[in-house]
Amino acid sequence: MNFKSILVFIVLSALVYAAPSHVTCSGGRRASEAACCKWFDVLDDIQANLFDGGECGEETHESLRLSFHDAIGFSLSAQRQGKFGGGGADGSMMAFAEIETNFHANNGVDEIVEAQRPFALKHHVSFGDFIQFAGAVGVSNCAGGPRLQFLAGRSNFSRPAPDLTVPEPSDPTNKIFARMGDAGFSPNEVVDLLISHSVAAQDHVDPTIPGTPFDSTPGTFDAQFFVETLLKGSLFPGNGSNVGEVLSPLAGEFRLQSDFAIARDARTACEWQSFITDHKLMVSKFEKVMAKLAILGHSAHDLVDCSEVIPVPSKAKAQSAKLPAGKTIKDIQHACAATPFPVISADRGPATSIAPVPPS
Ligand code: HEM
Ligand SMILES: *[C@@H]1O[C@H](CO)[C@@H](O)[C@H](O)[C@H]1NC(C)=O
Ligand SMILES: *[C@@H]1O[C@H](CO)[C@@H](O)[C@H](O)[C@H]1NC(C)=O
């Protein structure tokens with residue numbers, strides 16, 4: 001071989017080596033591993049039949065909440081003592097629904113567990129995989145949403161998680177941080193997890209007003225939640241006050257006591273404030289912390305990366321949140337000692353009031 005043909009040989013073998021090996025799944029979609037193909041079929045089914053055609057609505061919110069409540073059944077201190085403190089993201093909430101959905105903090109979770117179960121059974125996937133997949137697909141439907149990692153291959157075997165692994169909104173921050181720390185999350189990572197509440201509503205803290213959102217844009221994955229939780233509270237959207245509820249700043253908006261307290265806690269106030277003008281940061285922090293949550297009790301090495309199945313969410317409209325109409329900077333209870341409250345624009349018009357998330 002002369003020099004030129006050696007060069008051609010090197011280039012060609014480099015090309016062959018670098019060419020990604022792909023398998024083609026249904027609908028001509030490509031996956032890196034054959035094991036991922038079935039998840040495209042699950043995707044099509046749940047987008048059409050669980051999420052009402054790919055909406056960021058009630059089932060999406062509930063599925064994201066369920067991905068937390070299943071996974072957080074996990075305890076490092078129990079492990080150290082050789083006890084069983086829950087298997088993490090193992091599907092035990094579905095396998096042992098008759099036990100776990102009766103725990104007080106899981107109030108209302110039974111509805112989404114039973115809505116999801118037939119899909120998991122039909123597609124022969126483990127309950128643990130399904131719950132994390134549905135949470136990731138669901139939140140991808142929210143405008144400006146994250147594209148969460150999805151690793152498949154959790155065992156379908158689980159044991160019931162013990163009670164009291166899920167924090168309550170009436171818990172003091174110390175108790176919440178201790179419980180979350182016992183699952184491996186720092187206080188700032190709790191804030192990162194609470195980005196989920198940017199697409200949230202309540203049905204059970206005040207059952208008389210189901211569908212009451214936590215911010216003015218519950219269908220959008222944006223930082224309005226982080227601004228609005230820092231506003232002075234003045235009203236209850238329903239008949240308040242309920243356990244775990246505190247005064248909210250806007251008609252039709254619901255405020256959890258735990259969100260109020262974590263937003264103002266000296267340990268977490270700066271992380272809270274950091275998302276207000278930085279949508280990119282908010283998305284990347286959520287993707288990172290959810291990747292950790294979704295595999296609690298597992299090792300990534302034992303799972304197959306099927307993240308390519310998760311849809312790419314639509315782009316965010318703005319990097320920065322706004323003050324709701326009718327509010328000024330004077331209504332903000334600034335709590336981050338290190339950084340001034342950012343300069344953000346205010347929406348014009350009459351004072352904001354918020355419509356409930358319609359049940360479907
Ligand atoms: C500090 C810990 C947390 C507390 C105390 C808490 C508490 C709550 C409460 C009381 C509700 C209202 C449920 C209802 O009445 O229907 C709720 C809703 C929700 N939570 Fe959390 N949560 C926490 C962390 C998380 C995390 C880590 C996630 C996900 C990663 C999450 C996702 C959601 C979602 C998406 C909803 C809305 C459900 C819906 O609209 O139906 N939460 N949370
Ligand atoms: C997972 O376990 C449940 C029982 O907890 C069972 O009904 C279901 O068929 C199992 N799924 C798979 C894929 O093995
Ligand atoms: C609120 O409380 C009042 C007085 O107790 C009651 O008449 C009304 O039905 C309650 N509203 C709701 C939505 O439960």
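What you see is a predicted model; the values in this text were computed from it and never measured. Both ligands and their constituent atoms are indexed starting at 1 by order of listing.
Taking the six-membered ring wherever Trp is involved, the centroid distance between the rings of Phe254 and Phe236 does not fall below 6.0 Å. Aromatic rings from Phe130 and Trp39 are positioned such that their centres are separated by 6.0 Å or more.
Remark: Glu62 does not engage Arg65 in a salt bridge, criterion side-chain N to carboxylate O under 4.0 Å. For the pair Glu271 and Lys285, the salt-bridge criterion is met [side-chain N within less than 4.0 Å of a carboxylate O]. A salt bridge is defined here as a Lys NZ or Arg NE, NH1 or NH2 lying under 4.0 Å from an Asp or Glu carboxylate O, and Arg29 with Asp44 meets this definition. Under the 4.0 Å criterion applied to side-chain N and carboxylate O atoms, Glu189 and Lys292 are assigned as salt-bridge partners.
When hydrogens are left out, the protein atom nearest atom 35 (C) of ligand 1 is His61 O, 3.1 Å; that is the closest non-hydrogen contact. Among all non-hydrogen protein atoms, the one lying nearest atom 1 (C) of ligand 1 is Ile176 CG2, 3.7 Å. The closest protein non-hydrogen atom to atom 7 (O) of ligand 2 is Leu121 CD2, 3.9 Å. For atom 4 (C) of ligand 2, the closest heavy atom belonging to the protein is Phe127 CE1, 4.3 Å. Among all protein heavy atoms, the one lying closest to atom 38 (C) of ligand 1 is Ala201 O, 3.5 Å. The protein heavy-atom contact nearest to atom 41 (O) of ligand 1 is Glu62 CG, 3.1 Å. The closest protein non-hydrogen atom to atom 11 (C) of ligand 1 is Phe214 CZ, 3.9 Å.
Taking both residues in full, the closest heavy atoms of Met290 and Ser67 are given as CE-OG, 3.8 Å, listed atom of the first, atom of the second, then distance. Closest of all the heavy-atom pairs between Ala294 and Arg154 is O-NH2, 2.8 Å.
At a 3.5 angstrom cut-off on N or O pairs, His204 counts as close to ligand 1.
Checked by atom type, the side-chain pair His123/Asp41 shows no donor-acceptor distance below 3.5 Å. Judged purely by distance below 3.5 Å, without hydrogens or angles, the side chains of Thr173 and Asp265 pair a donor atom with an acceptor atom.
Atoms of ligand 1 lying under 4.0 Å from at least one heavy atom of Val205, given by number and element, are 10 (C), 15 (O). The ligand atoms of ligand 2 that sit less than 4.0 angstrom from a heavy atom of Asn156 are 1 (C), 2 (O), 3 (C), 8 (C), 10 (C), 11 (N), 12 (C), 14 (O). Each of the following atoms of ligand 1 lies closer than 4.0 Å to a heavy atom of Glu168: 5 (C). Heavy-atom proximity to Leu193, at under 4.0 Å, picks out these atoms of ligand 1: 27 (C), 30 (C). Each of the following atoms of ligand 2 lies closer than 4.0 Å to a heavy atom of Ala95: 5 (O).
Ligand 1 has Pro167 within reach: a non-hydrogen atom of the residue lies less than 4.0 Å from it. The shortest heavy-atom distance from Met290 to ligand 1 is under 4.0 Å. Under a 4.0 Å heavy-atom criterion, Ser258 is in contact with ligand 1.
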(request) Determine, stepwise, if the pair Cys36 / Cys25 fulfils disulfide (SG to SG under 2.5 Å). (result) CA-CA 8 Å; Cys36 298; Cys25 313; over 6 Å; no
(request) Evaluate the criterion side-chain hydrogen bond (donor to acceptor under 3.5 Å, both in side chains) for residue pair Asp305 and Ser307; output intermediate values, then yes/no. (result) CA-CA 6 Å; Asp305 192 341; Ser307 301; 2.5 Å; yes
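Of all protein atoms, those that are N, O or S and lie under 2.8 Å from atom 21 (Fe) of ligand 1 total 1.
With a 4.0 Å cut-off on non-hydrogen atoms, Asp203 touches ligand 1 through its backbone as well as its side chain.
Note that CD of Glu245 is 12.0 Å distant from OG of Ser170, once rounded to the nearest 0.5 Å.
Under the 3.5 Å distance criterion, the side-chain polar atoms of His197 are left unmatched by any main-chain donor or acceptor of Asp215.
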